Novice: 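I have a structure I would like to understand better, so I am pasting it below and will then ask my questions one at a time.
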Amino acid sequence: MIILKSPQEIDRMRVPCKAVAEVLKLLKGTIRPGITTLELNAQAEREAAKLGAKTAFKGYGGYPYSLCCSVNDEVVHGMPSRRELIDGDVISIDFGLVIDGFYGDAALTIPVGSVSAAASKLLTVTEESLYVAIKQAVAGNKLSDISHAVQAYVESRGFSVVRDFVGHGIGRSLHEGPQIPNYGPPGRGVKLKPGMVLAIEPMINELKPDVKVLEDGWTAVTVDGGLSAHFEHTVAITPNGPEILTMI
Ligand code: MF3
Ligand code: CO
């Protein structure tokens, strides 16, 4: 179900969204070779506590951590561990908070030390595809205009779109309708309206789009071992166009 938000509700959503952006910015500054992803999770939890916020992912469908840390060939839902990051890794950090009953959700992928040219290109193209998608999040467009924008941008640059996970509406729940695939023809699906708030999140692979989930039940990895990147913003559709609520 798609739940439209009033301007007052969008104002309330600014708070968790801004907090998510601030925490991700801090985590980005902490990421370096030698740090473990469990340390990043702990830092995210400390910052959430300071902000008086509840983390959104812990306990969601049984997920045991507050942060998703997906390294290299991990696509999404990587679990924090004692794994130390090393120079040349890429790590996606995905984080959500609830404040005053409303959720915010965002993700970004960060190079650890110096990464290969191919990795760097993947990150740039994935981040750009998110902004290209957000440009389509305007009232009067159709939902799949967002999807198509990601696919066209990414595939013309030689990368592939993950099919198995999608973006989503967000508000008083982490996941509301509509589902937002990152591929498809333009001009399909519901008409976008002011008051929709969408978590748009392209997940893009270096090689083939196929992914599989590991035995831990969460970690999604590329089947071919190629790198994957993920960027996400929570975006409100307003009468004046898209507004990125999780802008860092
Ligand atoms: N940003 C992801 C999503 O929107 C993170 C969810 S992880 C989970 O689905 F543990 F909460 F499922
Ligand atoms: Co999300």
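Start at 1 and go down the list; that is how both ligands and their atoms are numbered. These figures come from a predicted structure and were not determined experimentally.
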Novice: Nearest heavy-atom pair of C68 and H77: which atoms, and what distance?
Specialist: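 So the minimum-distance heavy-atom pair works out to SG-CA, 3.9 Å.
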Novice: Taking 2.8 Å as the upper limit, name the protein N, O or S atoms near the Co ion (ligand 2).
Specialist: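 Metal shell, protein only: D105 OD2, H168 NE2, E201 OE2, E232 OE2.
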Novice: Regarding T36 and E84, is there a side-chain donor-to-acceptor distance under 3.5 Å anywhere?
Specialist: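 No, no side-chain donor-acceptor pair sits under 3.5 Å.
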Novice: Give a yes-or-no answer on whether the side chains of D105 and H168 include a donor-acceptor pair shorter than 3.5 Å.
Specialist: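 Indeed, the side chains of D105 and H168 share at least one donor-acceptor pair under 3.5 Å.
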Novice: Check side-chain hydrogen bond (donor to acceptor under 3.5 Å, both in side chains) between Y63 and all other residues, then give those that pass, not counting sequence neighbours.
Specialist: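 For Y63, no residue satisfies side-chain hydrogen bond (donor to acceptor under 3.5 Å, both in side chains) once neighbours in sequence are set aside.
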Novice: Taking atom types as modelled and ignoring hydrogens, do the side chains of Y60 and H175 form a donor-acceptor contact shorter than 3.5 angstrom?
Specialist: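 Yes, because at least one side-chain N or O of Y60 sits under 3.5 Å from a partner of the opposite role on H175.
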Novice: Among N72, N205, T222, find the one that has a side chain to side chain donor-acceptor pair (under 3.5 Å) with S228.
Specialist: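 Option passing the side chain to side chain donor-acceptor pair (under 3.5 Å) with S228: N205.
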Novice: Are Q136 and H148 linked by a side-chain donor-acceptor pair shorter than 3.5 Å?
Specialist: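 No donor-acceptor contact under 3.5 Å links the two side chains.
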Novice: Identify, with sequence neighbours excluded, every residue that meets salt bridge (Lys or Arg N to Asp or Glu O under 4.0 Å) alongside E128.
Specialist: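 Per chain and number, E128 pairs via salt bridge (Lys or Arg N to Asp or Glu O under 4.0 Å) with no residue.
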Novice: Would you say the side chains of H230 and E201 form a donor-acceptor pair under 3.5 Å?
Specialist: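 Per modelled atom types, H230 and E201 side chains form a pair under 3.5 Å.
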Novice: Identify the protein atoms, limited to N or O, that lie within less than 3.5 Å of an N or O atom of ligand 1, and list each pair with its distance to 0.1 Å.
Specialist:
{"residue": "ligand 1", "atom": "1 (N)", "partner": "D94", "partner atom": "OD1", "Å": "2.9"}
{"residue": "ligand 1", "atom": "1 (N)", "partner": "D94", "partner atom": "OD2", "Å": "2.6"}
{"residue": "ligand 1", "atom": "1 (N)", "partner": "D105", "partner atom": "OD1", "Å": "3.1"}
{"residue": "ligand 1", "atom": "1 (N)", "partner": "D105", "partner atom": "OD2", "Å": "3.2"}
{"residue": "ligand 1", "atom": "1 (N)", "partner": "E232", "partner atom": "OE1", "Å": "3.1"}
{"residue": "ligand 1", "atom": "4 (O)", "partner": "D105", "partner atom": "OD2", "Å": "2.9"}
{"residue": "ligand 1", "atom": "4 (O)", "partner": "H168", "partner atom": "NE2", "Å": "2.8"}
{"residue": "ligand 1", "atom": "4 (O)", "partner": "H175", "partner atom": "NE2", "Å": "3.1"}
{"residue": "ligand 1", "atom": "4 (O)", "partner": "E201", "partner atom": "OE2", "Å": "3.2"}
{"residue": "ligand 1", "atom": "9 (O)", "partner": "H175", "partner atom": "NE2", "Å": "2.8"}

